[in-house]
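Reviewing the structure listed below.
This one's a predicted model, so the numbers in the text were calculated from it and none came from an experiment. Just so it is clear, the values below take in all heavy atoms, side chains as well, and ignore hydrogens, waters and symmetry mates. Numbered from 1 within each chain, the chains take letters A, B, ... in sequence-line order.
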2 protein chains.
Amino acid sequence: MVWTPADLLWSLTNRAGLTAFESVCANLFLVLIASLGVSPVYNLIRGSQFNPKGKHVYVTGGSNGLGRAVAIDLAKQGAHVTIVARKEGPLKETVELMKQAVAARKNPTEQKFHWISADVTNKEASIRALDEASTHFGGKVPDVIMTCAGTAIPKLFVEASTDEFEWQMKLNFFGALYTVHEAAKRMVETGVKGKFVLVSSAMGLIGFAGYSSYTPSKYALRGLAEGLRNEFLMYGIKMHIYYPGTMFTPGYESENLTKPLVTREIEGSSGLTPEEAARGLMAGLRKGYFAIATDFDTNFLRVASKGVSPSNNIGLDYLLGLVAPFGAAQFLWESGYKVKAYAKKHLKKDI
Amino acid sequence: MVWTPADLLWSLTNRAGLTAFESVCANLFLVLIASLGVSPVYNLIRGSQFNPKGKHVYVTGGSNGLGRAVAIDLAKQGAHVTIVARKEGPLKETVELMKQAVAARKNPTEQKFHWISADVTNKEASIRALDEASTHFGGKVPDVIMTCAGTAIPKLFVEASTDEFEWQMKLNFFGALYTVHEAAKRMVETGVKGKFVLVSSAMGLIGFAGYSSYTPSKYALRGLAEGLRNEFLMYGIKMHIYYPGTMFTPGYESENLTKPLVTREIEGSSGLTPEEAARGLMAGLRKGYFAIATDFDTNFLRVASKGVSPSNNIGLDYLLGLVAPFGAAQFLWESGYKVKAYAKKHLKKDI
């Protein structure tokens, strides 16, 4: 028999006329379809996993870009928000924006918004900032820590300086680590079952020309999150990691100043506003996802490099995983082609 | 019809009696079987991708553990070998072992073995060591760079100090980076189509309790290798990364001194000798694999988290990828269970 969609539908309800092999395939197909529903139903039953209303959320890099958008989104959801960054001006501005966002509320004054000027790449400053944030909450460690501070300096490897590698590791990885380490110790000591959200990047899931100094710092965050997700089960503390794709932030504009042409060609020009990225992050947190991605490409990367970390939608992740190797092969070929074409045109040496 | 192996074999040659659907499945099955042969045949046609005979190979961490085993293996293959590490004693010992390994050769004196005492976590020392190594070869940069220096300090996150995080990142990641960066610049300047081999770890592919300070540094190496593999296509330079599982080295013994009980329970006790690991690495390099793993578990992790990086055996990697999510789910459950059981027993707090 030749299978049409009508045959397919029919076979799912009536197995007469099917060979044994076709019946087994029909069953497998049914299982696959059913598996698509497992995670949504599970999520529906257990309900939202993230409601920041009345919680104290501590956001590093909160003065602009994703951090600012996250802070404002949290404010709208009723959270107390402390933002940490270096520059006073943008910090004050963001607090103003949070206040405006909740001004129409019944009791906007119940929400506390604070800013702290601190350099998170400095361990002592990170601890002091956490201390300061806690003073407004009876000394209690924040309920949720979101580390949004980060920067990228895209360059060709041989044109980058190792100082740039050190700086990006210092800010992107250690800037998160110092805060996470101190906050986790306090949560464990005081029995707070808190939540951490690390912000990595699509470049924490893939590496290509021009990001050699950025990618390692974002991979390092992935490694930290994957390990701590398991380890924090000891204390009931939750770990999440967010892999945003391109975001049109002030940081994006500054990285474009040094970005090699070939890097632009490989990464393309699509992206999200920080507000969209923040909304996507919140949606992922409500579903309780460990690894959060907000656009199709990054979700594809997340699935392709999932390793031993939890699925989001079990059935869909599995299905995507079946086709991921083909997409990966195409990207490998394309990015390889672009790099070699760039070399031919710009390096003028035989390869 | 019911399928037996005999039916299966028969169907591959004679499609009579099969429904159209069964015939399509038979074709897909044939494609899958055929795909298992694609990579081996391709590897056979293009031949060995690594013959260190007469090449100058520069091995950091070459005084003991994997680095020493790699150096001796390379010596046996006819390479000139420069080993770099801090301690003179073990360095001299390793050079002696290399000399002994080739003593029975016809012209053992043609091979050059050198040792350089240098701290690879220091950028200037790394550059000086490369300079020194080059002087024996007319100032030419080594043909192959293998970065084997590394260390692990397993501890529970809240019991680790951030200094330990910094030290492991400094040695495991920057200790490789400084050498790779300087050598790559020289290769590009002088048109040497060299080869880099970074040594990560199975913990560069997975994270769990006790390795939070180690995992990020090994993930960072993965990110570096994945990006540079693409970028170095510009220059004809090859990048490889090795993910060894547990190796019974002096480093393994020292890390066991601080290793939490729960970490031992999760990781198990199987492992390889450094000599076996070195042989596995060489086999992977000969096949031209980008990502090299030598035991089944690590190969499983490699496939499960392959992301956008090249396959080793295209068909086999795809097949392994089909079952990887099930293995990953089991490991997730088991490691989660072990961590919670550990907490119940040792932390004596409600979770």
Side-chain angles (χ1 to χ4, degrees), chain A residues 1-3 19-22 25 123 156-158 162 165 169 173 177-178 181 184-185 188 191 205-209 211-212 215-220 222-224 226-228 230-231 233-236 301 304-308 310 318 321 325 328 331-332 335-336 339-340 342-343 347 349 351, chain B residues 1-3 19-22 25 123 156-158 162 165 169 173 177-178 181 184-185 188 191 205-209 211-212 215-220 222-224 226-228 230-231 233-236 301 304-308 310 318 321 325 328 331-332 335-336 339-340 342-343 347 349 351:
Chain A
M1 61 182 288
V2 177
W3 283 51
T19 64
F21 177 75
E22 286 171 347
C25 288
K123 186 187 162 182
L156 292 185
F157 183 63
V158 296
T162 54
F165 277 79
M169 189 62 81
F173 178 70
L177 177 76
Y178 296 141
H181 192 250
K185 281 198 293 184
V188 170
L205 298 166
I206 186 175
F208 53 77
Y211 280 118
S212 60
T215 303
S217 66
K218 293 299 190 176
Y219 268 65
R222 166 151 64 125
L224 183 69
E226 292 189 353
L228 292 183
N230 172 255
E231 189 163 334
L233 292 171
M234 286 191 200
Y235 319 110
L301 291 175
S305 43
K306 197 164 59 181
V308 181
Y318 188 75
F331 188 91
L332 272 178
S335 57
V339 157
K340 286 182 207 164
Y342 175 86
L347 303 185
K349 278 183 193 170
I351 296 169
Chain B
M1 63 183 289
V2 177
W3 283 50
T19 63
F21 177 75
E22 285 171 348
C25 288
K123 187 187 162 183
L156 292 185
F157 184 63
V158 295
T162 54
F165 278 79
M169 189 62 81
F173 178 70
L177 176 76
Y178 296 141
H181 191 250
K185 282 199 291 185
V188 170
L205 298 166
I206 186 175
F208 52 77
Y211 281 118
S212 60
T215 302
S217 66
K218 292 299 189 176
Y219 268 65
R222 166 150 66 126
L224 183 69
E226 293 189 353
L228 292 184
N230 173 255
E231 189 163 333
L233 292 172
M234 287 191 198
Y235 319 111
L301 292 174
S305 44
K306 195 164 61 182
V308 181
Y318 187 76
F331 188 91
L332 271 177
S335 57
V339 157
K340 287 182 207 163
Y342 175 87
L347 304 184
K349 277 182 191 171
I351 295 169

(request) Under the side chain to side chain contact (heavy atoms under 4.5 Å, CB included) rule, what do A:Tyr235 and B:Leu347 come out as? Steps first, then yes or no, please. (result) CA-CA 9 Å; A:Tyr235 319 110; B:Leu347 304 184; 3.4 Å; yes
(message) My understanding is that only residues two or more places apart in sequence, or in another chain, count here; which of them pass side-chain hydrogen bond (donor to acceptor under 3.5 Å, both in side chains) with A:Ser212?
(response) none
(request) Could you tell me which of B:Leu301, B:Thr215, B:Leu156, B:Leu205 has the largest number of non-hydrogen atom pairs under 4.5 Å with chain A? (result) B:Leu156
(request) Between chain A and each of B:Lys218, B:Lys306, B:Met169, B:Lys185, count heavy-atom pairs under 4.5 Å; write down the option with the most. (result) B:Met169
(request) Can you sort out the partners of A:Phe157 under ring-ring contact (aromatic ring centres under 6.0 Å, His included), two or more places apart, ordered by chain and number? (result) A:Phe165, B:His181, B:Phe232
(message) Using heavy-atom distances under 4.5 Å, tell me whether A:Leu332 contacts chain B through its side chain, its backbone, both, or neither.
(response) both
(request) Output the distance between atom OH (A:Tyr211) and atom CG (B:Asn230), rounded to the nearest 0.5 Å. (result) 12.5 Å
(message) Does any backbone or side-chain atom of A:Lys123 lie under 4.5 Å from a heavy atom of chain B? Answer side chain, backbone, both or neither.
(response) side chain
(request) Check A:Gly307 against B:Ala328 and note the closest heavy-atom contact, atom names and distance. (result) O-CB, 3.7 Å
(request) Against chain B, work out which of A:Gly227, A:Ala184, A:Gly321 has the most heavy-atom pairs shorter than 4.5 Å and name it. (result) A:Gly227
(request) Compare every heavy atom of B:Val339 with every heavy atom of A:Met234, then report the nearest pair and how far apart it is. (result) CG-CG1, 3.3 Å
(request) Look at A:Tyr219, A:Phe331, A:Phe208, A:Tyr178 and state which one has the largest set of heavy-atom pairs under 4.5 Å with chain B. (result) A:Tyr219
(request) Evaluate the criterion side chain to side chain contact (heavy atoms under 4.5 Å, CB included) for residue pair B:Ile206 and A:Glu226; output intermediate values, then yes/no. (result) CA-CA 7 Å; B:Ile206 186 175; A:Glu226 292 189 353; 5.7 Å; no
